[in-house]
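Working notes, beginning with the structure itself.
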Amino acid sequence: MRKLRLKTPAGVVADYFRLFVNRRAYTLQSDRPHAESGRHYYFRPSDKKTGQGLSLTPDTLRGHIEGEITIALYAINPATQRCKWVAIDADYQNALPDLIKLGYYLKQDGVESALEKSNRGGHLWIFMADPLPARDCRIYVYDLALRLGVPVKGGGLREGIEVFPKHDELKPGEYGNAIRGPLGIHRGAAKRFWFYGADYDLEKQMRYLNGLSKVTGEQLAGLIAGKAIPPQLTPTEPKIEAEFKGRAGGPEFRILDHIRTKLRKVGRNHVTQCPSCAAEGHDRGGDNLSISIEDPRKYICWAGCTRDMIRAAVGCPRPSADRGQKANHG
Ligand SMILES: [Zn+2]
């Protein structure tokens, strides 16, 4: 049964759109928890008839704000490779002190940020006056985090902050990673997470976000002058692959290193949940992915996920040079 429509002021929806929506594609959080993990996964909603991905509208945002649905937003607009915001996601122990520290030093750089609670930690948001290149945004945040000794996930660390956008740029057809839209109601926690900086009221929260200074292109250029993405965080050179390359002719990517779900032995294969299917809320039975026991470089998703999709789902996208070769293994 649907609750009566709350009256979200039109201004709140318009402000939300302007602050947070940089492209119309979005993902939707599943109402039902995943059978095995208990997590509420996000999937891309599509039109039942045409199969086309749905486009975000002001009504979608209204539904999100009023808690009927919970959506996640993509950082990068692929047409420009730019973003309107950067979100720093931290959900490990001591995540909040790290986010507060980042916020403090951002402010020293003249960058205002807004801290939002999350289920297990928080999200720190930075807004741009106009969309700015994803790469430049990432250079700045990574550089600051490393200078402060704040752990960054990836680069050999299992726990640390995650920076959205997660890519410097998107290739055609890619979406990158989405983060839960602020002020929505998390399906699992069944509660709304607010920004710390204002009273817990939608209009006051929006007024607070509107009032924050926004980063300009000139400002960002000054902050990253002479800097680059730290080599240990450059996606094309993950540490683990470099180690494997050291062994003569060894595999560069081992799917088994990235699987956290239970493996079952079926014939000559390990069978487990496909990470790409799981990210879309599918494969509840946990048996779509088969991995050859003899040669774990060989794996296939029986639901048809490509290697690119699976590798992206485990956070190890293939370097573009590898694409298009050897369809189902390697
Ligand atoms: Zn799959």
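Order of appearance sets the numbers: ligands from 1, and atoms from 1 within every ligand.
Across T8 and E66, no two heavy atoms sit closer than the pair OG1-OE2, 2.5 Å.
Between F127 and W85, a ring centre-to-centre spacing not shorter than 6.0 Å is recorded.
A search for side chain to side chain contact (heavy atoms under 4.5 Å, CB included) contacts involving Y104 returns Q108, not counting sequence neighbours.
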Got a list of side-chain donor-acceptor pairs under 3.5 Å for residues 47-58, not counting sequence neighbours?
| residue | atom | partner | partner atom | Å |
| --- | --- | --- | --- | --- |
| D47 | OD1 | K49 | N | 2.8 |
| D47 | OD1 | T50 | N | 3.1 |
| T50 | OG1 | Q52 | N | 3.1 |
| T57 | OG1 | D59 | N | 3.2 |
| T57 | OG1 | T60 | N | 3.2 |
| T57 | OG1 | T60 | OG1 | 3.0 |

Donor-acceptor pairs under 3.5 Å, side chain of residues 219-228 to any protein atom, not counting sequence neighbours: which ones?
| residue | atom | partner | partner atom | Å |
| --- | --- | --- | --- | --- |
| Q219 | OE1 | T216 | N | 3.2 |
| Q219 | NE2 | G110 | O | 3.0 |
| K227 | NZ | D143 | OD2 | 3.1 |
| K227 | NZ | L223 | O | 3.4 |

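Around the Zn ion (ligand 1), the protein contributes the following N, O or S atoms under 2.8 Å, ordered by chain and number: C274 SG, C277 SG, C301 SG, C305 SG.
With I88 as reference, L99 is the one residue of I179, D98, L99 to meet the side chain to side chain contact (heavy atoms under 4.5 Å, CB included) rule.
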